[in-house]
Amino acid sequence: MIGPKVQRPTPAEEAWAYVTVTERDGELCQRCLRAQGSNRDHRLNRSQGGLTVPSNLQLLCGTGTTGCHGWRTENLRAALEDGWRVPAGQDPREWPARRWLRTEVGTLRASWVLYDDDGGWTEISAAEARRRMEGVAR
C-alpha cells in the first residue's frame with residue numbers, strides 16, 4: 001500500500017530540527033542520561049518514511065551499534081514497547097516516547113510524552129501511552 005505523499009523538510013528545516021532537539025533534550029541521552037547523547041536518532045527510521053522533524057528525533061548516546069542507540073537498533077521489540085522506536089506506518093507525533101522530565105525540586109523522573117514538531121512535548125499517563133500502543137503490529 002502506498003501512503004500519501006508527505007512534504008519532506010528542506011535542509012534548513014532539518015538543520016533547525018537537529019538544533020531544536022539537541023536543546024529540547026538538554027544534550028543528554030534520553031535513555032540513560034549520559035552527557036554523550038549527541039546522536040540524534042530517528043524514532044521512525046528514515047528508511048520507513050521517518051522525517052527529520054522534532055517529533056521524530058531523540059538524543060541517544062552511542063551510534064547505531066553502540067550505546068543506547070545500538071541497544072535500540074538491536075532490541076527492536078523492547079525499544080518499541082519502551083517508547084524508543086516508532087513502528088512503521090505510525091505518526092511519531094501520536095506515538096508515545098519516554099523521556100526524563102525535571103521536577104519542581106530539580107530532580108529527574110521518567111515519563112511518557114507525545115512530541116510535537118515545534119520542539120515541545122505533552123506529558124501523558126502510562127495508561128494513555130499503553131492505550132496508544134495497544135494492538136499495533138510489532
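Note that this is a predicted model, so its numbers are computed, not measured.
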Any donor and acceptor pair, going by atom type alone, linking the side chain of [X] with main-chain N or O of [Y] inside 3.5 Å?
X	Y	result
Arg132	Glu94	yes
Thr73	Gly64	yes
Arg102	Gly106	yes
Thr22	Tyr18	yes
Thr20	Trp16	yes
Gln30	Asp25	yes
Asn45	Ser47	no
Thr66	Gly70	no

May I ask you to establish whether [X] and [Y] are in a cation-pi arrangement, using a distance under 6.0 Å from NZ or CZ to the six-membered ring centre and at most 45° from the ring axis?
X	Y	answer
Arg98	Trp112	yes
Arg24	Tyr115	yes
Arg31	Trp71	yes

Practice problem: Give a yes or no on whether Trp121 and Leu44 share a hydrophobic cluster (residues Ile, Leu, Val, Met, Phe, Trp, Tyr; joining criterion: side-chain heavy atoms under 4.5 Å apart). | Solution: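 They do not share one cluster, since no chain of ILVMFWY contacts under 4.5 Å joins Trp121 to Leu44.
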Practice problem: Check whether Ile124 and Val113 end up in the same hydrophobic cluster, where Ile, Leu, Val, Met, Phe, Trp and Tyr are linked by side-chain heavy atoms less than 4.5 Å apart. | Solution: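 Ile124 and Val113: separate clusters.
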Would you name the heavy atoms of [X] and [Y] that are closest together and state the gap between them?
X	Y	value
Arg8	Gly50	NH1-O, 4.3 Å
Pro87	Trp95	CD-CE2, 3.5 Å
Pro92	Arg43	O-NH1, 3.1 Å
Cys61	Cys29	N-SG, 3.3 Å

Between atom [atom1] of [X] and atom [atom2] of [Y], what is the distance when rounded to the nearest 0.5 Å?
X	Y	atom1	atom2	value
Arg40	Gln58	CZ	CD	13.0 Å
Leu59	Arg34	CG	CZ	13.5 Å
Leu80	Met133	CG	CE	6.0 Å
His69	His42	NE2	NE2	9.5 Å

Identify whether the distance between the nearest side-chain nitrogen and carboxylate oxygen of [X] and [Y] falls below 4.0 Å.
X	Y	result
Glu123	Arg109	yes
Glu134	Arg130	no
Arg72	Asp41	yes

Quiz prompt | Val21 and its side chain to side chain contact (heavy atoms under 4.5 Å, CB included) partner, picked from Asn56, Val53, Leu57 | solution = Leu57
Quiz item: Tell me, do Thr52 and Glu13 make a side-chain contact under 4.5 Å, heavy atoms counted?
Solution: no
Quiz item: Without hydrogens or angle criteria, can the side chains of Ser55 and Asp116 be said to hold a donor-acceptor pair below 3.5 Å?
Solution: no
